[in-house]
Amino acid sequence: METTYKRHLITAALPYANGPVHIGHLAGVYVPADIYVRYLRLRGEDVLFICGSDEHGVPITIKARQEKVSPQDIVDKFHVMMRDSFAEFGISFSIYSRTTSKTHYKTASEFFRKLYDKGDFIEKTTSQYYDEEAQQFLADRYITGTCPVCGNESAYGDQCEKCGSSLNATDLKNPKSTISGSTPVLRETLHWFLPLDRYEAFLRKWILEENKDWKQNVTGQCKSWLDAGLQPRAVSRDLDWGIPVPVEGATGKVLYVWFDAPIGYISATRDLTEDWEKYWKDPGTHLVHFIGKDNIVFHCIVFPAMLKAEGSYILPANVPANEFLNLEGEKISTSRNWAVWLHEYLREFPGKQDVLRYVLCSTMPEAKDNDFTWKDFQARNNNELVAVLGNFVNRAMVLTHKYFEGRVPPVAELTEADRATLSELPRLREAVEYNLDNFRFREALKSMMDIARLGNKYLADNEPWKVIKTDPARVGTVLNISLQITANLAIVAQPFLPFSAVKIAEFINLGKSLWQDAGRGDILESGHPLGEASLLFEKIEDEAIDLQLLKLQQAKEQNQQEKPATKPQKEDISYDDFSRMDIRTGIILEAVKVPKTKKLMQLKVDTGIDVRTVVSGIAEYFEPQDIIGKNICILANLAPREIKGITSQGMILLAEDASGKLVFVTPEEGMSPGAEVK
RNA sequence: GGCGAGGUAGCUCAGUUGGUUAGAGCGCAUGAUUCAUAAUCAUGAGGUCUCGGGUUCAAUUCCCGAUCUCGCUACCA
């Protein structure tokens, strides 16, 4: 590790306070961050580990409304829940703060105000939907309406969850406010924008030239964003939940959550120590952000631009983002309850924090998405933690108690093999160091386990249980070395398995030790009394695993039961409305995929009236050759629209079920084109 | 369609600045062993390094193309 840093400031992504913590969060962010921090502390470094709950933003207000409580109630509930489960799990934050804290309001306001006063923002007036009954502007999420793309009637203002289209609220047909149910009106509103484009050149140089050691997935995604060109980004919203924009007359406006959340790292540091500026502004500080891949753009582009604009802050030295963890082959989903929740794990597997830490570290999605399975969890516990690590420590302890009354025996004479074994210790310590310094947690964990493997092999090679009959002094040497290996484990395992490392230290009665002691073959002096040993890990039986799988199975079944929700009937229309639609039978004459699109197919349709061109979003579901000659129905008098440079005249009728399957609506018997459908 | 990441043993992953027999852990097989939570140790089987071209004396590694997975993005009357 570069020893040039005077201190370390390590942040872990602020979890959003609208749900509990699950294994995806842990594997992606908190486990690696905690390992890294514990390692630095063990090296005697000056390190702060910063985290807290992210408590603003629209989803929290929506959840509050659904549950008929205040947003504060929601965040209070989840803040406490997350804070406590992190603590119980052994995530060793220096502080776990929250973005509703007074300090944060002050810090974020000051930050905004400084940029505002320097003229770093662009002011822009835009039209947004306003709910006259509730007398407030509506966030995109507070507007529902008919998706202009797929016709889904409950699309949100920012996105249709049915077809995945991202939308502008003004695209929606029949917009409705979810607050009052009334139809919103467009009103002008003033907002502030951070002109990210102004920092593009700086960011490009900083990321692509000055930080070539960042992970591939991080650099790649940044490059993708930079190449696409950065746009000014709004930093304020019309909302009543958040930090008020600290500008005269800006009533009803709050900081956009992405702007205030990263400042939360600074506020939390400020809550922790009066010396906070030393950590944030002195170039001697090593700043590292641990995040998941969904946060890369904010931590590598947006937040650095903010810090750069402010001017007095340092920038992160690295942003080791992980990919995502799946669960039993499927994406983890809070809303579908497809997750392993930390608070439930802690309840159902009491005292097994280290098991989950070990499994999540060994399957950490460092370079690509990875899968967590309960079977793998069980196998790693039984075959690695129990059989390799726990077993070795137990063997060394039991043998010493048996032959030497629980005292570290003296070393007689070292054989060549003894020396070779001892020389492995510093090598393994260095391997762990090298890998941790480079954020390669899985490799580091392996090297740690290799210490235990070394011990097992050493015992097997030297067979003290046999030699004791002929040469007790030799057994003393063998066990001394075995105990030195155990002492090394007590130190090196600390970052990864903090609970077990403490136990091992108790077993061998080892006082406070430092990382620098690892690698030594004389940590324990001869005659040193050992403590009592117990089992470090225990086997996990099939029943416990089956129970977890059953739980997931039940979550899945529940989802499936809820799935086939037929959409409610649309509001009544008059016969007149209906009769204005001119639906005809037709035949598809030609079909060609529209180049450079994924979904679009260009069709030539005989409508009986004429032969016309129609563009339809069906290319994902049908091959052109399969639909030529197909009898279809077409809404013929839909106003023409230009799509990808092609004028589409009409809309082909298709039936779609809840799973998204598309089927043409076809006359039951052959009909010549042009017959009216009514 | 564009961009990014990834595709290496049954599983989870290292690796190769191009160079003799491509590695690890787990799983599997065989043998040894019994101090230890039926744990451990040794040996072995198992890979056309996604596919097709090209550059090169030599490619899994570099270039081009295809294909699959994940993510971002455009399109969806």
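We name chains A, B, ... by the order of the sequence lines, and we start the count at 1 in each one. What you see is a predicted model; the values in this text were computed from it and never measured.
A donor-acceptor distance shorter than 3.5 angstrom exists from the side chain of Asn370(A) to the backbone of Thr363(A), with no hydrogens or angles considered. A donor-acceptor distance shorter than 3.5 angstrom exists from the side chain of Trp258(A) to the backbone of Ala234(A), with no hydrogens or angles considered.
The side chain to side chain donor-acceptor pair (under 3.5 Å) test applied to Asn318(A) returns no partner, not counting sequence neighbours. Partners of Arg395(A) by salt bridge (charged side-chain N to carboxylate O under 4.0 Å, His left out), not counting sequence neighbours: none found. With sequence neighbours left out, the side-chain contact (heavy atoms from CB on, under 4.5 Å) criterion links Pro32(A) to Phe290(A), Asn322(A), Met364(A), Phe441(A). Remark: Asp610(A) engages Arg612(A) in a salt bridge (charged side-chain N to carboxylate O under 4.0 Å, His left out) (not counting sequence neighbours). Legend: residues meeting salt bridge (charged side-chain N to carboxylate O under 4.0 Å, His left out) with Glu463(A), ordered by chain and number and at least two apart, are Lys466(A). Contacts of Glu532(A) classified as side-chain contact (heavy atoms from CB on, under 4.5 Å), with partners at least two apart in sequence or in another chain: His401(A). With sequence neighbours excluded, no residue forms a salt bridge (charged side-chain N to carboxylate O under 4.0 Å, His left out) with Glu676(A).
In this structure, Val615(A) reaches the sugar-phosphate backbone alone: every heavy-atom distance under 4.0 Å involves primed, P, OP1 or OP2 atoms, never a base. Here Glu366(A) lies out of heavy-atom contact (under 4.0 Å) with every strand. Among the atoms of the strands shown, none is found under 4.0 Å from any heavy atom of Ala379(A). Among the heavy atoms of the strands lying under 4.0 Å from Val398(A) are primed sugar atoms or P, OP1, OP2 only; no base atom is included. Residue contacts shown for Phe537(A) include a base, since a base heavy atom lies under 4.0 Å away.
Asn435(A) and Arg442(A) form no side-chain donor-acceptor contact under 3.5 Å, judged by distance and modelled atom types alone. Under the 3.5 Å distance criterion, with hydrogens and angles disregarded, a donor-acceptor pair is assigned to the side chains of Asp354(A) and Ser500(A).
Taking atom C1' on both C62(B) and C70(B), the two are 26 Å apart, rounded to the nearest angstrom. Look at the P atom in both A5(B) and G15(B): the space between them is 16 Å, to the nearest Å. The P atoms of U17(B) and U60(B) are separated by 15 Å, rounded to the nearest whole Å. Comparing the same atom, C1', in U50(B) and in C68(B) gives a spacing of 8 Å after rounding to whole Å. For the P atoms, the distance linking A59(B) with C75(B) amounts to 45 Å, nearest Å. Rounded to whole Å, the separation between the P atoms of A42(B) and G27(B) comes to 14 Å. Using atom C1' as the reference point in both G47(B) and G65(B), the two lie 25 Å apart (nearest Å). Straight-line distance between the P atoms of A45(B) and U30(B): roughly 15 Å, to the nearest whole Å.
Closest heavy-atom contact between Leu428(A) and Leu454(A): CD1-CD2, 4.4 Å. Across all non-hydrogen atoms, the minimal contact from Asn326(A) to Ile332(A) is C-CG1, 4.3 Å. Here the closest non-hydrogen pair linking Val31(A) and Arg357(A) is CG1-O, 4.2 Å.
Rounded to whole Å, the distance from CD on Glu384(A) to C1' on U37(B) is 16 Å. Atom-to-atom, CG of Asp371(A) to C1' of G6(B) comes out at 15 Å; the value is rounded to the nearest Å. Per the geometry, CG belonging to Asp461(A) stands 10 Å off P belonging to C41(B), to the nearest Å. If you measure from atom CE of Met397(A) to atom P of A39(B), you get 22 Å, rounded to the nearest angstrom. Taking atom CD1 of Ile332(A) as the reference point, atom P of C70(B) lies 16 Å away to the nearest angstrom. Put simply, OH on Tyr458(A) is 18 Å from P on C35(B), counting in whole angstrom units. For the pair Gln221(A) CD and A5(B) C1', the computed distance is 8 Å after rounding to whole Å. Taking atom NZ of residue Lys212(A) and atom P of nucleotide U17(B), one finds them 18 Å apart after rounding to whole Å.
The side-chain heavy atoms of Leu459(A) and Pro464(A), taken from C-beta on, include a pair separated by under 4.5 Å. Side-chain atoms of Glu590(A) and Leu603(A), non-hydrogen and from C-beta on, never get closer than 4.5 Å to each other.
If you find the closest nucleotide of RNA chain B to Asp369(A) and to Ser224(A), the one lying nearer the 5' end belongs to Ser224(A).
Heavy atoms of other residues, nucleotides or ligands lying less than 6.0 angstrom from CD of Glu210(A) number more than 12.
Distances from the side chain of Lys293(A) to the nucleotides C35(B), U37(B), G71(B) place G71(B) closest. For Gln216(A), counting side-chain heavy atoms from C-beta on, the closest listed nucleotide (A5(B), U37(B), C26(B)) is A5(B). Comparing atom distances between the Leu399(A) side chain and each of C41(B), C35(B), U37(B) picks out C35(B) as nearest.
Within residues 463-483 of chain A, the residues that place at least one heavy atom under 4.0 Å from RNA chain B are, in residue-number order, Trp465(A), Lys466(A). Looking at residues 438-456 of chain A, you'll see Arg440(A), Arg442(A), Glu443(A), Lys446(A), Arg453(A), Asn456(A) sit with a heavy atom under 4.0 Å from some atom of RNA chain B.
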Strictly under 3.5 Å: I want the nitrogen or oxygen pairs between protein and nucleotides 27-29 of chain B, one per line.
unit_1 : atom_1 : unit_2    : atom_2 : d
G27(B) : OP1    : Asn383(A) : OD1    : 3.4
G27(B) : OP1    : Asn383(A) : ND2    : 3.0

Restricting both atoms to N or O, compile the protein contacts to nucleotides 45-47 of chain B shorter than 3.5 Å, with distance only.
none

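Between Asn370(A) and C13(B) there is a side-chain polar atom (N or O) within less than 4.0 angstrom of OP1 or OP2. At the phosphate of A39(B), OP1 or OP2 sits under 4.0 Å from a side-chain N or O atom of Lys539(A).
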Candidate pair Trp225(A) and Phe298(A), rule ring-ring contact (aromatic ring centres under 6.0 Å, His included), full reasoning: CA-CA 11 Å; Trp225(A) 274 83; Phe298(A) 290 110; 8.2 Å; no
Which nucleotides of RNA chain B pair, in dot-bracket form (Watson-Crick or G-U under 3.5 Å, | meaning another strand): (((((((..((((.....[...)))).(((((.......))))).....(((((..]....))))))))))))....
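A cation-pi arrangement is present between Lys293(A) and Phe324(A), with the terminal nitrogen or guanidinium carbon under 6.0 Å from the aromatic centre and inside a 45° cone about the axis.
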